Amino acid sequence: MIEIRHLRKSFGGVSVLKDVNAVIGKGEIVSVIGPSGTGKSTLLRCLNLLERPDGGEILFQGVPLLDRHADVPAIRRKMGMVFQHFNLFPHLTVLENVTIGPRKLLNRPPAKATEKALELLEMVGLENKAYALPGELSGGQQQRIAIARALAMEPEVILFDEPTSALDPTMVDEVLSVISELAKTGMTMIIVTHEMRFARNVSSRIFFMEEGRIYEEGTPEEIFESPKRPRTIAFIKRVDMEYFRLPREDFDEPHIRARARALADRHHLSEEQRACFRDVFTCTLRDVVFPVTEKIDLYIGVSQTDGRFGFAVLWDGPFLDPFERVPETAGRIRANCRSAVFSKTDDGRLEVRVVFDR
Ligand code: ADP
Ligand code: MG
């Protein structure tokens with residue numbers, strides 16, 4: 001239904017979408033998760049052309065949206081959008097809010113539009129509010145109206161941008177359950193959400209966005225049970241993490257030490273824990289990793305769920321366990337931490353991961 005190729009978008013020289021690629025089939029329910037500011041809303045807005053991408057391609061049912069000759073209003077009508085703030089017309093009744101699009105844009109006769117609207121209001125459990133004004137309704141009810149309004153346009157796909165994040169917590173469930181019901185009808189949906197349990201239950205696939213890309217994607221089980229890449233792991237397992245990319249000679253940079261110290265401060269690591277980390281860390285990099293590679297990606301993190309802390313070093317090269325070259329050092333390292341393992345990541349990189357118990 002939707003194919004996205006090398007999509008790019010910048011705002012004022014800041015690259016927000018760097019290279020987004022995805023294929024979304026009919027009837028799929030894709031949840032887009034990730035830290036804020038990583039371009040999730042921008043991606044949705046580019047999909048229905050509320051933003052003009054700078055480059056790349058979007059095919060919607062095989063039609064290139066960014067083509068000069070594309071019929072943008074017609075395409076946009078096929079993509080419903082539900083926003084964080086419901087954007088209902090305050091001076092129109094609920095029924096008028098739901099029928100105005102079909103009457104004005106699809107030229108439906110009023111009686112037909114009304115009949116359909118009442119059906120949809122029933123579906124979202126608000127048929128008794130047809131003649132109310134939006135201001136008389138709770139946030140949760142307004143969002144359910146906004147969903148009915150999107151459906152009234154008979155879209156092929158619905159894009160949800162954090163549909164529950166502006167709601168009082170007591171109203172989140174009523175909106176999520178309407179979306180879950182809709183999912184069962186076979187509607188194609190793309191949902192940006194911070195509701196992880198919901199994303200997990202309702203989705204056929206999860207996109208984890210980071211750095212303006214779909215950094216990792218998979219089934220809900222894959223992403224939530226066994227995420228593979230460091231930033232996904234950090235996000236899912238709620239690890240507070242610092243990341244560095246370094247050539248060997250920058251190893252002892254003051255800013256690395258400062259950020260590691262700030263991390264330790266945030267999580268109240270004791271002097272003893274810091275000293276232990278420092279010794280193992282220095283020894284691992286100097287004696288185990290740097291002899292085999294000069295260029296590494298380095299992650300230092302503290303888990304907010306179990307308090308464990310540690311570091312991971314990733315690099316590219318032949319699959320040779322660097323601990324085996326220095327068995328005595330490896331023994332000393334392993335005696336001072338919970339685990340120190342070498343492995344190959346699923347995307348083919350080499351990794352040494354060292355974890356300490358709290
Ligand atoms: P997310 O939805 O993942 O939180 P957004 O797509 O809203 O992220 O935003 C990504 C980045 O793009 C943010 O840094 C944001 O400030 C910036 N941004 C988004 N829209 C605009 C805009 N219209 N003009 C300038 N900057 C924008
Ligand atoms: Mg957003």
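First listed ligand is number 1; within each ligand, the first listed atom is number 1. Only a predicted model underlies this, so the values are computations on that prediction, with no experimental measurement involved.
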Q | Verdict with reasoning, M1 to F60, per side-chain contact (heavy atoms from CB on, under 4.5 Å) | A | CA-CA 6 Å; M1 173 147 305; F60 180 60; 3.9 Å; yes
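- In this structure, atom 12 (O) of ligand 1 lies nearest to the protein heavy atom V16 CG2, 3.1 Å.
- Salt-bridge annotation for R358 and D306: absent, with no side-chain N of the basic residue lying under 4.0 Å from a carboxylate O of the acidic one.
- The side-chain contact (heavy atoms from CB on, under 4.5 Å) with M79 is formed by just one residue from the set L65, L44, L50; it is L65.
- Protein heavy atoms all stay at least 4.0 Å away from atom 16 (O) of ligand 1.
- Annotation: T42 places an N or O atom under 3.5 Å from an N or O atom of ligand 1; distance criterion only.
- Annotation for ligand 1: atoms under 4.0 Å from non-hydrogen atoms of S36 are 4 (O).
- In terms of protein heavy-atom proximity, atom 4 (O) of ligand 1 is closest to G37 N, 2.7 Å.
- Protein heavy atom closest to atom 19 (C) of ligand 1, with residue, atom name and distance, is F11 CE1, 3.4 Å.
- With a 4.0 Å heavy-atom cut-off, ligand 1 is reached by the backbone of T38 and by its side chain too.
- Using bins of under 30°, 30° to 60° and over 60° for the plane-to-plane angle, the ring pair F251/F281 lands in the tilted bin.
- For the pairing with R353, the side-chain contact (heavy atoms from CB on, under 4.5 Å) check across L314, V341, T345 returns one residue only, V341.
- Counting only protein N, O or S atoms, 1 lie closer than 2.8 Å to the Mg ion (ligand 2).
- Nearest protein heavy-atom neighbour of atom 8 (O) of ligand 1: G39 N, 3.2 Å.
- Residues meeting the side-chain hydrogen bond (donor to acceptor under 3.5 Å, both in side chains) test with N48, sequence neighbours left out: none.
- Aromatic pair F323/F342: centroids not less than 6.0 angstrom apart.
- Side chains of H194 and E162: a donor-acceptor N/O pair is present below 3.5 angstrom, by distance only.
- Classified by interplanar angle (parallel below 30°, tilted 30° to 60°, perpendicular above 60°), the ring pair F277/F311 is perpendicular.
- Between the side chains of D161 and S41, at least one donor N or O sits under 3.5 Å from an acceptor N or O.
- Below 4.0 Å from some heavy atom of S41 lie the following atoms of ligand 1, by number and element: 1 (P), 2 (O), 6 (O), 7 (O).
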